[in-house]
Visitor: 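The following block contains the structure, expressed as structure tokens.
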Amino acid sequence: DTRAAERLLLSAKTGTKTYTFSISNQAIAGNAQLKPGEYHIKLDGAQVVLTDKSGLRIDTTAEVETAERKFDQTAVATAKESGTDRIVYIELGGSSNKVVFQ
């Protein structure tokens, strides 16, 4: 998809990268409630910014950890908590960054 390649190239020039992930069920990420769908996550230095498909910014608490290896693809790890999916972390494909939600 050339649009995705252009978007990554544009993001790389500005020093930030945007990653895309999808969830199939409603889930909690940090202190934010996410509906099923596609989201973008951007690392801007130590700040983590989530946006939904309409571009709405979602503020939440997260910490960026660095792994010893690069992740092949973006992957979302969830756990059931009181019957609700909670996003534990997101591994960002093509980088060694892992976003861990509080």
Side-chain angles (χ1 to χ4, degrees):
D1 179 42
T2 57
R3 286 180 295 160
E6 289 168 6
R7 191 169 49 240
L8 282 177
L9 182 60
L10 180 64
S11 296
K13 286 181 184 173
T14 60
T16 60
K17 275 195 168 182
T18 301
Y19 302 87
T20 302
F21 69 95
S22 296
I23 55 172
S24 54
N25 297 317
Q26 188 165 305
I28 296 170
N31 56 4
Q33 186 76 40
L34 304 181
K35 295 178 182 173
E38 186 174 280
Y39 292 86
H40 300 287
I41 186 167
K42 180 173 76 170
L43 300 184
D44 192 358
Q47 186 179 20
V48 176
V49 179
L50 281 176
T51 53
D52 66 12
K53 63 184 172 190
S54 67
L56 178 70
R57 180 186 169 122
I58 301 160
D59 292 313
T60 189
T61 53
E63 187 176 294
V64 179
E65 295 180 357
T66 304
E68 293 181 16
R69 61 172 177 79
K70 283 189 174 188
F71 301 109
D72 293 332
Q73 60 189 16
T74 299
V76 179
T78 60
K80 282 277 189 208
E81 192 173 286
S82 301
T84 303
D85 284 345
R86 175 172 286 282
I87 297 175
V88 179
Y89 62 83
I90 301 173
E91 296 172 343
L92 303 176
S95 79
S96 56
N97 293 321
K98 178 166 129 177
V99 179
V100 180
F101 292 93
Q102 311 300 315

Visitor: If you take all heavy atoms of R86 and Q102, which pair is closest and at what distance?
Guide: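 Nearest pair, atom of R86 first, then Q102: NH1-O, 4.0 Å.
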Visitor: Could you walk me through whether L56 and Y39 satisfy the side chain to side chain contact (heavy atoms under 4.5 Å, CB included) test, starting with their C-alpha distance in whole Å, then the side-chain angles of each, then the deciding distance to 0.1 Å, before giving a yes or no?
Guide: CA-CA 10 Å; L56 178 70; Y39 292 86; over 6 Å; no
Visitor: Hey, can you pull the donor-acceptor pairs under 3.5 Å for the side chains in residues 62-75, sequence neighbours left out?
Guide:
from, atom 1, to, atom 2, distance (Å)
T74, OG1, G93, N, 3.0

Visitor: To the nearest 0.5 Å, how far apart are NE2 in H40 and OG1 in T20?
Guide: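 Answer rounded to 0.5 Å: 4.5 Å.
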Visitor: Side-chain donor-acceptor contacts of residues 22-35 below 3.5 Å, not counting sequence neighbours, with atom names and distances?
Guide:
from, atom 1, to, atom 2, distance (Å)
N25, ND2, D85, OD2, 3.4
N31, OD1, T60, OG1, 3.2

Visitor: So, using ring-ring contact (aromatic ring centres under 6.0 Å, His included) as the criterion, who are the partners of F101 when residues are at least two apart?
Guide: none
Visitor: In the hydrophobic clustering that connects Ile, Leu, Val, Met, Phe, Trp and Tyr at side-chain heavy-atom distances below 4.5 Å, which members other than V100 occupy its cluster, ordered by chain and number?
Guide: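 Besides V100, the cluster holds V88, Y89.
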Visitor: Test L43 against L92 for side chain to side chain contact (heavy atoms under 4.5 Å, CB included), laying out the working first.
Guide: CA-CA 10 Å; L43 300 184; L92 303 176; 3.5 Å; yes
Visitor: What side-chain hydrogen bond (donor to acceptor under 3.5 Å, both in side chains) pairs are there with at least one residue in residues 48-59, not counting sequence neighbours?
Guide: D52-S54, R57-D59
